[in-house]
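The structure under discussion appears below in the form of structure tokens.
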Amino acid sequence: MTEPQRMQQRDGRAELAAEVAGLAPKRGCTVAVAESLTGGMVASALAESRGASEWFRGGVVAYSTEVKHQLLDVPPGPVVSRAAAAAMARSVRRLLGADLAVSVTGSGGPEPQDGQPPGTVYLAVDDGVRVQVVARRFMGKDPPGVCADAVAEALRLLAEYLRV
């Protein structure tokens, strides 16, 4: 990926984060993030947004499998899974006292993880009543490309939820 392409992706993420920043306070909603694959990139995009101190509660970067199991109550088994994404979102929402949480877990590559090919990503949004989990495949990309797409998808899911 060229530097201009990276800049364009960052701009797209900034626009999505700005949309979340505009919608969360209007809905009276606080937001938290649990990240693995993206290593804090979603939280960083949200923290850079206007008025973040009013609605952004924070995030947990649980990169290691043990941290996911111990801190975020991910059930035994693979961490690149729907169940892991759901547990991560539910736990971080509770831990940080947020109204809404998003989580990201996946296989960025270059090798498969938990039997999942590189580019496999699971995301979840938890509002305290229900958890929505989605699976995405960002195939044919290097790890930074998978992470960039996963960040944009997490922000898009948050914005989509807040629009309703």
Side-chain angles (χ1 to χ4, degrees), residues 9-108 113-114 116 120-136 138 146-164:
Q9 278 191 333
R10 275 184 240 144
D11 291 343
R13 292 189 305 248
E15 289 171 6
L16 287 165
E19 184 176 1
V20 171
L23 292 169
K26 287 180 185 173
R27 297 258 334 255
C29 188
T30 56
V31 176
V33 178
E35 299 180 72
S36 177
L37 167 71
T38 51
M41 295 167 66
V42 177
S44 179
L46 293 174
E48 292 174 4
S49 300
R50 182 180 203 101
S53 63
E54 297 173 27
W55 53 269
F56 183 49
R57 298 288 294 171
V60 172
V61 176
Y63 204 77
S64 89
T65 297
E66 293 79 19
V67 173
K68 289 179 200 74
H69 292 304
Q70 293 170 3
L71 181 64
L72 295 176
D73 298 323
V74 170
V79 295
V80 180
S81 67
R82 289 180 176 277
M88 290 169 65
R90 186 172 35 256
S91 294
V92 81
R93 186 189 56 73
R94 180 184 44 79
L95 284 169
L96 300 185
D99 301 308
L100 181 66
V102 67
S103 67
V104 182
T105 186
S107 174
Q113 183 179 348
D114 290 337
Q116 299 290 336
T120 303
V121 178
Y122 293 94
L123 305 102
V125 178
D126 183 306
D127 67 2
V129 176
R130 70 182 179 95
V131 180
Q132 173 189 359
V133 181
V134 297
R136 298 289 184 257
F138 304 119
V146 173
C147 288
D149 286 352
V151 171
E153 185 65 8
L155 295 170
R156 189 193 66 71
L157 287 171
L158 279 174
E160 184 178 276
Y161 183 89
L162 290 165
R163 280 186 216 120
V164 177

side-chain contact (heavy atoms from CB on, under 4.5 Å) partner of Glu153, chosen from Asp149, Val151, Leu157: Leu157
Heavy-atom check, side chain of Asp126 versus side chain of Leu100, under 4.5 Å: no
Between Ser36 and Lys68: side-chain donor-acceptor atoms closer than 3.5 Å: yes
Reported SG-to-CE distance for the pair Cys147 and Met41, which is rounded to 0.5 angstrom: 5.5 Å
Chi angles and distances behind the side chain to side chain contact (heavy atoms under 4.5 Å, CB included) call for Leu72, Val60: CA-CA 9 Å; Leu72 295 176; Val60 172; 4.3 Å; yes
Ala87: partners by side chain to side chain contact (heavy atoms under 4.5 Å, CB included), with sequence neighbours left out: Val74, Pro75, Arg90
Contacts of type side chain to side chain contact (heavy atoms under 4.5 Å, CB included), residue Asp114, not counting sequence neighbours: Pro78, Val79, Val80
Nearest-0.5 Å distance, CZ of residue Arg13 to CG of residue Leu155: 8.5 Å
Student check: side-chain heavy atoms of Val134 and Val125 closer than 4.5 Å: no
Separation between CG of Asp99 and CZ of Arg27, rounded to the nearest 0.5 Å: 9.5 Å
Worked verdict on Val33 versus Arg57 for side chain to side chain contact (heavy atoms under 4.5 Å, CB included): CA-CA 8 Å; Val33 178; Arg57 298 288 294 171; over 6 Å; no
Working for side chain to side chain contact (heavy atoms under 4.5 Å, CB included), residues Ser49 and Trp55: CA-CA 10 Å; Ser49 300; Trp55 53 269; 4.0 Å; yes
Charged N-O contact under 4.0 Å between Arg156 and Glu19: no
Nearest-0.5 Å distance that lies between atom CG in Asp127 and atom CG in Leu162: 10.5 Å
